[in-house]
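Just so it is clear, the values below take in all heavy atoms, side chains as well, and ignore hydrogens, waters and symmetry mates. Residue numbers begin at 1 in each chain, while the letters A, B, ... track the order of the sequences.
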Amino acid sequence: MTNPNNPNVISRQSKIDDQEYKWGFTIDVDSDVAPKGLNEDIVRLISEKKSEPPWMLEWRLRAFRLWEKMRDEEPEWANVEYPSIDYQDIIYYASPLTKDNDRPKSLDEVDPEMLQAFEKLGIPLNEREALAGVAVDAVMDSSSVTTTFKEKLEELGIIFCSFSEAIQNHPELIKKYLGTVVPYSDNFFATLNSAVFSDGSFAYIPPGVRCPMELMTYFRINEADSGQFERTLIIADKGSYVSYLEGCTAPIRKKSQLHAAVVELVALDDAEIKYSTLQNWYPGDKDGQGGVYNFVTKRGKAQGINSKISWTQVETGSAITWKYPSVILQGDNSSGEFYSVALVNNHQQADTGTKMTHIGKNTRSTIIAKGISAGKAENTYRGLVKIMPSAEGAKNFTQCDSLLIGDQCGAHTVPYIEVKNPTAQIEHEATTSKVSDDQLFYCMQRGVSAEESNYMIINGFCRDIFKELPFEFAVEAGNLLRVSLEGTVG
Amino acid sequence: MLEVHDLHASVGEIKILRGINFTVKKGETHAIMGPNGSGKSTFANVLAGRPEYTVTKGEVLLDGKNLLSMEPDVRAREGVFLAMQYPVELPGVRYNQFLKAALDAIREHKGEDQIDIRAFNQLLKEKGDLVEINPDLMRRNVNEGFSGGEKKRSEILQMALLEPHLALLDETDSGLDIDALKTVADGVNRLQDPEKSVILVTHYQRLLNYISPDFVHVLIDGKIAKSGDHKLALELENKGYDWLRETIPPVSETSGESAS
Ligand SMILES: Nc1ncnc2c1ncn2[C@@H]1O[C@H](COP(=O)(O)OP(=O)(O)OP(=O)(O)O)[C@@H](O)[C@H]1O
Ligand SMILES: [Mg+2]
């Protein structure tokens with residue numbers, strides 16, 4: 001009894017109850033796995049497995065050589081603690097596709113085990129059963145498994161495919177945009193990704209086209225000891241619009257797994273990109289064993305005039321999250337948005353936030369960050385609003401709300417503001433609250449159970465963010481919240 | 001339907017209720033009056049199970065069941081409704097969704113199915129018209145930014161929707177304009193049926209012009225100092241409470257019990 005409008009949610013709830021992390025199963029598919037460790041040969045191997053052109057290998061190698069020099073520069077400024085990562089103890093390439101570089105041409109060629117697995121995750125890849133209005137690129141470990149609705153999109157000139165395919169089929173676009181938002185030298189994890197990235201999604205929306213369906217990539221880490229290094233590039237050409245969704249889960253593993261992804265968005269004149277994430281990587285067990293280390297560089301460039309980039313994220317998973325989806329507001333009148341719910345429980349740590357860099361005139365940014373901490377978890381919002389001298393008339397509004405459940409968790413807010421143009425208008429609001437006994441009693445006095453009351457109040461706290469999500473995703477976000485909150489009401 | 005025997009309750013070390021005896025039968029309306037701080041809200045909240053109050057002694061039976069052993073949500077599902085003196089704001093929680101969750105919880109308790117969303121919207125509209133609440137409020141968040149009067153009206157709407165067996169109204173008449181007062185009284189009168197009982201906490205005789213209580217009780221210092229019929233309310237209006245303070249009976253006595 002809960003989401004009153006959606007009876008489906010209820011039956012689902014009862015299924016979730018008996019498991020703590022329902023996405024924790026392993027999928028039994030054959031896979032092609034590189035030996036552990038990282039060296040130049042591994043970088044060459046990855047490139048070769050993917051039959052990449054020489055320019056791509058060159059780019060990877062430049063990144064790898066730089067990363068070797070950066071080895072001692074793993075960032076330490078974030079408010080997260082973890083044992084040092086042994087980069088030689090990780091598998092950098094694992095593909096569920098048995099034959100080299102053989103991506104199935106049609107669904108009939110996809111391993112039925114895998115289709116079933118994605119179905120179990122709630123992502124049917126069969127177009128007849130697919131989520132209405134959502135085109136899906138399914139990525140397991142390092143490889144894209146399949147992309148649905150491709151033909152339908154092609155009719156409009158929209159390209160939506162795996163990153164590997166894009167390198168083969170659209171090299172001019174990749175060459176033109178790869179690394180223009182997040183250069184390979186950007187930061188330790190982005191450099192690592194640039195050297196070893198395996199797959200990911202690519203989307204290009206041609207001028208004036210409004211993408212008629214949500215584009216979605218579903219990421220899944222399956223292989224034990226493997227890292228996941230995917231790379232996503234989305235380009236919205238002049239006057240186009242696209243809404244893109246990203247979902248992620250991983251099986252339960254005792255040992256922690258590394259996820260270091262890079263996402264680059266480019267919006268040209270009058271274009272808009274809406275990017276939504278539901279991140280639910282395995283968070284580790286109650287005692288902090290295992291879980292995914294999520295070190296992600298996401299950045300969008302609102303390059304054209306009147307362009308708009310909007311990040312919405314709901315983060316409930318991962319042992320450690322280190323993630324700052326950012327926008328470079330380059331075009332005049334461009335705008336950037338960041339809407340975030342980060343929930344941490346047990347021993348999870350999240351250091352997340354955003355960076356808005358205002359360069360163009362009359363650029364606007366909005367930041368609404370909601371942090372929920374329970375158990376012994378630590379949640380940090382870290383944000384930077386930077387107004388460059390050229391950004392005449394720039395405006396920013398920032399709101400950071402923290403909600404604490406219990407008294408062993410922590411919430412921290414670290415907002416930086418750098419203003420180099422006196423015409424800038426900057427507003428910042430911050431609140432910290434608890435689910436009050438009065439609120440709980442009020443709900444319970446109306447007959448609602450303690451657990452449900454707690455969920456309802458916390459869901460209310462997140463409403464401003466959830467309403468930014470496409471409907472299907474908003475329902476799923478509510479479910480994630482519910483599962484992550486289990487047992488937190490005292 | 002409700003029997004209260006020698007009820008004592010405190011908040012932390014502070015004793016507030018000091019031996020209340022009280023019986024409400026089906027279909028009766030009781031008014032509780034008394035000076036500020038005498039324990040009226042405490043009494044209502046203890047019946048509803050607010051956790052900050054500790055019952056140190058006594059017994060409460062609802063239709064023969066031990067009310068004090070039930071969690072607040074179970075009490076609500078058993079038909080106890082408290083219209084609060086200070087309704088709480090629930091930021092981000094949609095009013096209509098909140099009410100549906102509440103109604104469904106109560107229906108489920110009775111072994112009924114969840115109400116269909118269309119039927120619910122229809123019901124909500126009917127009840128809303130009944131208590132003349134601005135329909136826009138139902139698309140807002142629970143009590144958030146509601147005016148004082150709107151909050152009170154909203155409590156009455158919830159009561160009308162959830163159809164409790166025992167409604168406790170804690171100063172629902174305070175802060176209402178005269179029209180709203182009539183609406184609230186109307187809402188309460190409509191609720192009255194031979195199976196349902198109402199306990200009204202109020203400071204003002206004027207509400208009792210619209211709702212005629214079967215009994216009036218005066219609560220002073222955590223005990224019932226006097227009980228009577230609606231004429232007692234008029235007497236209080238003229239004489240205040242001081243004359244009753246001297247007549248507080250010794251703790252052991254059970255003079256608070258209403259005719260039964
Ligand atoms: N949570 C609490 N903490 C401390 N004291 C409390 C608490 N709740 C009630 N009290 C005290 O208990 C006494 C009775 O309070 P209560 O709210 O029941 O009075 P009341 O009769 O409803 O008064 P009013 O007419 O002003 O609403 C008061 O002195 C009040 O300060
Ligand atoms: Mg009171």
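- Closest non-hydrogen pair, Val448(A) versus Asp73(B), comes out as O-CB, 3.3 Å.
- Shortest non-hydrogen contact noted between Ile457(A) and Leu90(B) is CG1-CD2, 4.4 Å.
- Side chains of Tyr442(A) and Asn143(B): a donor-acceptor N/O pair is present below 3.5 angstrom, by distance only.
- Closest approach of Gly447(A) to Ala105(B), counting heavy atoms only: O-CB, 3.2 Å.
- For chain A, the nearby parts of Leu82(B) are the backbone and the side chain; heavy atoms of each come within less than 4.5 Å.
- Nearest heavy atoms, Gly49(B) versus Phe441(A): C-CE1, 3.6 Å.
- Within 6.0 Å of CG in Asn66(B) there are more than 12 heavy atoms belonging to other residues, nucleotides or ligands.
- Lys196(B) NZ: more than 12 foreign heavy atoms inside a 6.0 Å radius.
- The neighbour count for Lys274(A) NZ, taken as heavy atoms of other residues, nucleotides or ligands under 6.0 Å away, is above 12.
- Between the side chain of Glu71(B) and the backbone N or O of Met444(A) there is no donor-acceptor pair closer than 3.5 Å.
- Both the backbone and the side chain of Cys443(A) have a heavy atom closer than 4.5 Å to some heavy atom of chain B.
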Show, in sequence, the C-alpha distance, side-chain angles and deciding distance for Arg463(A) and Asn141(B), and conclude whether the side chain to side chain contact (heavy atoms under 4.5 Å, CB included) test is met. CA-CA 10 Å; Arg463(A) 173 171 300 276; Asn141(B) 298 328; 4.3 Å; yes
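- For Asp438(A), the parts lying near chain B are the backbone and the side chain together; criterion is any non-hydrogen pair under 4.5 Å.
- The heavy-atom pair separating Phe98(B) from Met456(A) by the smallest distance is CD1-CE, 3.4 Å.
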- Item | Candidate pair Val142(B) and Arg446(A), rule side chain to side chain contact (heavy atoms under 4.5 Å, CB included), full reasoning | CA-CA 12 Å; Val142(B) 180; Arg446(A) 299 305 183 242; over 6 Å; no
* To do: Applying side chain to side chain contact (heavy atoms under 4.5 Å, CB included), run through Ser449(A) and Arg77(B) and close with a yes or a no.
  => CA-CA 10 Å; Ser449(A) 71; Arg77(B) 290 178 219 147; 3.7 Å; yes
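- Heavy atoms from other residues, nucleotides or ligands lying under 6.0 Å from NZ of Lys434(A) number more than 12.
- Chain A forms more heavy-atom pairs under 4.5 Å with one residue of Glu78(B), Gln158(B), Arg75(B) than with any other, namely Gln158(B).
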